Asks: 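Handing you a structure now.
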Amino acid sequence: QVQLVASGGGSVQAGGSLRLSCAVSGVTSGRIYYAWFRQAPGKEREGVAVLDTRDTGDYPPEYADSVKGRFTVSQDNAKNTLYLAMTRLKPEDSALYYCAAREGMYRSLNPTLYTAWGQGTQVTVSS
């Protein structure tokens with residue numbers, strides 16, 4: 001059973017940076033996709049970034065338009081950890097951030113496709 005534990009959230013001022021981490025365990029085989037989602041109060045859960053664990057130049061990560069050029073998703077296979085580096089943060093980036101995993105055949109930022117979820121970690125960006 002895949003388990004994910006997210007950490008690294010916090011409070012920063014606009015323009016600042018944060019790096020979220022997600023420790024992953026229980027992955028055995030298959031084509032695995034990791035993703036980060038976020039959910040602000042009163043809003044639907046939104047896909048932020050998705051990573052194909054094959055992680056070669058042929059399968060680059062995919063990002064939501066709202067974070068392109070500012071956020072970077074990566075993985076450290078040796079540490080079984082997924083990261084989300086967030087720069088030039090804006091107040092509208094404030095949300096509860098979740099990491100998630102699924103086995104599939106294509107990248108997707110559709111949260112309904114993901115079967116394993118970490119607990120959220122709060123990111124608050126003040127103006």
Side-chain angles (χ1 to χ4, degrees):
Q1 183 177 359
V2 178
Q3 293 187 320
L4 305 100
V5 179
S7 62
S11 297
V12 297
Q13 290 191 325
S17 301
L18 279 174
R19 189 178 76 160
L20 305 182
S21 300
C22 179
V24 183
S25 61
V27 174
T28 54
S29 62
R31 185 179 297 180
I32 304 297
Y33 295 85
Y34 294 134
W36 287 96
F37 295 85
R38 65 187 182 186
Q39 189 167 18
K43 295 188 176 181
E44 293 186 352
R45 191 164 296 189
E46 172 192 20
V48 174
V50 56
L51 178 101
D52 184 326
T53 57
R54 289 173 294 179
D55 197 22
T56 69
D58 292 333
Y59 308 104
E62 180 179 325
Y63 298 92
D65 288 343
S66 58
V67 306
K68 279 181 183 176
R70 300 188 299 121
F71 289 13
T72 303
V73 61
S74 62
Q75 62 178 344
D76 184 330
N77 290 327
K79 295 181 180 180
N80 293 322
T81 302
L82 177 72
Y83 298 103
L84 183 68
M86 306 183 293
T87 65
R88 291 182 282 141
L89 283 161
K90 305 174 182 180
E92 51 264 43
D93 294 319
S94 297
L96 200 56
Y97 282 71
Y98 299 88
C99 52
R102 66 182 279 257
E103 185 174 358
M105 298 297 292
Y106 55 91
R107 296 172 304 181
S108 176
L109 289 174
N110 181 347
T112 65
L113 298 178
Y114 286 78
T115 55
W117 291 83
Q119 88 292 1
T121 185
Q122 180 68 41
V123 172
T124 302
V125 185
S126 58
S127 58

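Since this is a predicted model, take the numbers as computed values, not measurements. Only this structure's heavy atoms are used, side chains among them; waters, hydrogens and symmetry mates stay out.
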Asks: Hey, are the side chains of Arg38 and Leu84 touching, using non-hydrogen atoms and a 4.5 Å cut-off?
Replies: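 Heavy-atom side-chain distance check fails, nothing below 4.5 Å.
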
Asks: For Gln3, what residues pass the side chain to side chain contact (heavy atoms under 4.5 Å, CB included) criterion, not counting sequence neighbours?
Replies: Ser25

Asks: Considering residues at least two apart in sequence or located in another chain, which fulfil the side chain to side chain donor-acceptor pair (under 3.5 Å) criterion with Gln39?
Replies: Arg45

Asks: Which residues pass the ring-ring contact (aromatic ring centres under 6.0 Å, His included) test with Phe37, sequence neighbours left out?
Replies: Tyr114, Trp117

Asks: Sequence neighbours excluded, which residues qualify as side chain to side chain donor-acceptor pair (under 3.5 Å) partners of Ser127?
Replies: none

Asks: If you take all heavy atoms of Ser7 and Thr121, which pair is closest and at what distance?
Replies: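 That would be C-OG1, 4.0 Å.
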
Asks: Under 3.5 Å, which donor-acceptor pairs link side chains of residues 9-24 to any protein atom two or more places apart or in another chain?
Replies:
none

Asks: Quick one: list whatever passes salt bridge (Lys or Arg N to Asp or Glu O under 4.0 Å) with Arg70, sequence neighbours left out.
Replies: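 Scan of Arg70 (salt bridge (Lys or Arg N to Asp or Glu O under 4.0 Å), adjacent residues dropped) gives Asp93.
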
Asks: Taking it one step at a time, do Tyr33 and Arg54 satisfy side-chain contact (heavy atoms from CB on, under 4.5 Å)?
Replies: CA-CA 9 Å; Tyr33 295 85; Arg54 289 173 294 179; 3.6 Å; yes

Asks: Okay, side chain of Gln119, backbone of Ala6: is any donor-acceptor separation there less than 3.5 Å?
Replies: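 Looks like yes, one N/O pair under 3.5 Å.
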
Asks: Write out all pairs satisfying side-chain hydrogen bond (donor to acceptor under 3.5 Å, both in side chains) with one or both partners inside residues 79-90, taking only residues at least two apart or from two chains.
Replies: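 Residue pairs with at least one partner in residues 79-90: there are none.
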
Asks: Are Tyr59 and Met105 linked, directly or through intermediate hydrophobic residues, by side-chain heavy-atom contacts shorter than 4.5 Å (ILVMFWY only)?
Replies: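 No; Tyr59 is not reachable from Met105 via cluster members.
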
Asks: Can you tell me if Thr124 uses its side chain to pair, donor with acceptor, with the backbone of Ser94 under 3.5 Å?
Replies: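 Between the backbone of Ser94 and the side chain of Thr124 there is no qualifying donor-acceptor contact (under 3.5 Å).
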
Asks: Under the salt bridge (charged side-chain N to carboxylate O under 4.0 Å, His left out) rule, what pairs show up with a residue in residues 106-127, not counting sequence neighbours?
Replies: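 For residues 106-127: Glu62-Arg107.
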
Asks: Using the side chain to side chain contact (heavy atoms under 4.5 Å, CB included) criterion, which residues pair with Ile32? Sequence neighbours excluded.
Replies: Val27, Tyr34, Thr53, Glu103

Asks: Any side-chain heavy atom of Leu82 sitting closer than 4.5 Å to one from Trp36?
Replies: yes

Asks: Of all heavy-atom pairs between Leu113 and Ser108, which one has the smallest distance, and what is that distance?
Replies: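 In this case the closest contact between Leu113 and Ser108 is CD1-OG, 3.3 Å.
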
Asks: With sequence neighbours excluded, tell me which residues meet salt bridge (Lys or Arg N to Asp or Glu O under 4.0 Å) with Asp65.
Replies: Lys68

Asks: Residues in salt bridge (Lys or Arg N to Asp or Glu O under 4.0 Å) with Glu92, at least two apart?
Replies: none

Asks: If you apply the rule side-chain contact (heavy atoms from CB on, under 4.5 Å), what do you find for Thr72 with Tyr63, and how did you get there?
Replies: CA-CA 8 Å; Thr72 303; Tyr63 298 92; 3.8 Å; yes

Asks: Determine whether Leu51 and Met86 fall in the same hydrophobic cluster, where Ile, Leu, Val, Met, Phe, Trp and Tyr are linked whenever their side-chain heavy atoms lie under 4.5 Å apart.
Replies: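 In one cluster: yes.
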
Asks: To the nearest 0.5 Å, what is the distance between CD on Glu46 and OH on Tyr98?
Replies: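 Rounded to the nearest 0.5 Å, the CD-OH separation comes out at 13.5 Å.
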
